Chemist: 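Supplied in structure tokens, the structure appears directly below.
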Amino acid sequence: MTSMDLSFRRTNLLRNQPIGRGEADPLPLLLGQLLLRAGLPTTIERASSRPWASALFEGRRHSIRLHFAGGEPTAQRARFIAGLSEAEWRLPKYFVADITVDEEGSDSEGQWVQLSALTIRDW
């Protein structure tokens, strides 16, 4: 059986506002910061987020695939990856506990990278 949250509105999707008692997902802010780090032209091919919890913490697990195109996509991808795990991220009420490169490669249109990130709620 499924249920529906009647307070859910389309504006929540656009502004990333909390729905009901839930918290806003930090993924849109993280994506924006990743794109700033990557530079132009970079596109988000896929991005997903799901709840995560341990005995002491709760947060979200993110899976992100970025695509680099343009004049020098290989160099752009290398600059993006360099120091990624030490980068500072600004996410209200969350912090990035882990961010890793799962895969990287190329296709006919440029270079791509598959990332995993874990954001933890900052109490």
Side-chain angles (χ1 to χ4, degrees):
M1 171 165 257
T2 60
S3 62
M4 183 167 58
D5 185 350
L6 298 177
S7 67
F8 180 81
R9 294 184 301 271
R10 187 170 190 266
T11 57
N12 284 349
L13 291 175
L14 301 176
R15 291 192 212 132
N16 188 36
Q17 299 296 316
I19 299 171
R21 294 185 310 250
E23 291 280 327
D25 191 335
L27 180 60
L29 291 174
L30 181 60
L31 290 174
Q33 292 175 41
L34 287 169
L35 288 176
L36 284 174
R37 179 181 174 83
L40 293 174
T42 304
T43 56
I44 301 165
E45 287 189 345
R46 287 188 294 265
S48 63
S49 179
R50 60 184 169 85
W52 174 91
S54 71
L56 300 175
F57 302 105
E58 64 180 48
R60 302 203 54 95
R61 172 68 65 189
H62 312 283
S63 177
I64 303 158
R65 183 170 169 140
L66 299 177
H67 192 269
F68 305 93
E72 296 182 13
T74 305
Q76 184 183 8
R77 183 183 72 185
R79 282 191 306 270
F80 174 78
I81 292 172
L84 183 66
S85 60
E86 292 86 27
E88 293 291 323
W89 310 99
R90 295 178 184 254
L91 304 172
K93 300 182 183 179
Y94 286 86
F95 64 92
V96 177
D98 187 33
I99 187 164
T100 60
V101 175
D102 293 336
E103 289 182 73
E104 54 183 297
S106 62
D107 57 24
S108 61
E109 298 174 5
Q111 304 285 315
W112 57 267
V113 63
Q114 178 72 37
L115 305 170
S116 290
L118 176 63
T119 54
I120 305 290
R121 187 181 310 206
D122 193 4
W123 300 98

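Numbers for residues simply follow the sequence, beginning at 1. For the numbers below, each heavy atom of this structure counts, side chains included, while hydrogens, waters and symmetry mates do not. Everything numeric in this text was worked out from a predicted model, so none of it was measured.
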Chemist: Counting only heavy atoms not in E72, do more than 12 sit closer than 6.0 Å to its CD atom?
Modeler: no
Chemist: Hydrophobic clustering (ILVMFWY, side-chain heavy atoms < 4.5 Å, transitive) - are Y94 and V96 grouped together?
Modeler: yes
Chemist: Let me have the donor-acceptor pairs involving side chains of residues 26-34, under 3.5 Å, with sequence neighbours excluded, atom names and distances please.
Modeler:
residue, atom, partner, partner atom, Å
Q33, OE1, R90, N, 3.0
Q33, NE2, R90, O, 2.5

Chemist: Could you check if a side-chain atom of L66 sits within less than 4.5 angstrom of a side-chain atom of I44, using non-hydrogen atoms only?
Modeler: yes
Chemist: Does L40 share a hydrophobic cluster with F80, counting links as ILVMFWY side-chain heavy atoms below 4.5 Å and allowing steps through other members?
Modeler: no
Chemist: To the closest 0.5 Å, what do you measure between CD1 (I64) and CD (Q114)?
Modeler: 8.5 Å
Chemist: Of the non-hydrogen atoms in S106 and Q111, which two are nearest, and what is the gap between them?
Modeler: CB-NE2, 3.2 Å
Chemist: So, using side chain to side chain contact (heavy atoms under 4.5 Å, CB included) as the criterion, who are the partners of A87 when residues are at least two apart?
Modeler: R37, W89
Chemist: Quick one: pull up CH2 in W52 and CD1 in I120 and give me the separation to the nearest 0.5 Å.
Modeler: 4.0 Å
Chemist: Would you kindly confirm whether L35 and I81 end up in one hydrophobic cluster when ILVMFWY residues are joined by side chain heavy atoms under 4.5 Å apart?
Modeler: yes
Chemist: Which pair of heavy atoms, one from P41 and one from A69, lies closest together, and at what distance?
Modeler: CG-O, 2.9 Å
Chemist: Under the side chain to side chain contact (heavy atoms under 4.5 Å, CB included) rule, collect the residues that match up with R79, sequence neighbours excluded.
Modeler: A75, Q76
Chemist: Rounded to the nearest 0.5 Å, what separates atom CZ in R60 from atom CG in L91?
Modeler: 12.5 Å
Chemist: Hey, are the side chains of L115 and V101 touching, using non-hydrogen atoms and a 4.5 Å cut-off?
Modeler: yes
Chemist: Could you grab the distance from atom CG of L56 to atom CD of E58, nearest 0.5 Å is fine?
Modeler: 11.5 Å
Chemist: May I ask whether L118 and F95 are part of the same hydrophobic cluster, defined by side-chain heavy atoms of I, L, V, M, F, W, Y residues being less than 4.5 angstrom apart, directly or through others?
Modeler: yes
Chemist: When rounded to the nearest 0.5 angstrom, what is the spacing between CZ in R61 and CZ in R50?
Modeler: 7.0 Å
Chemist: At what distance, to the nearest 0.5 angstrom, does CD of E104 lie from OG1 of T74?
Modeler: 10.0 Å
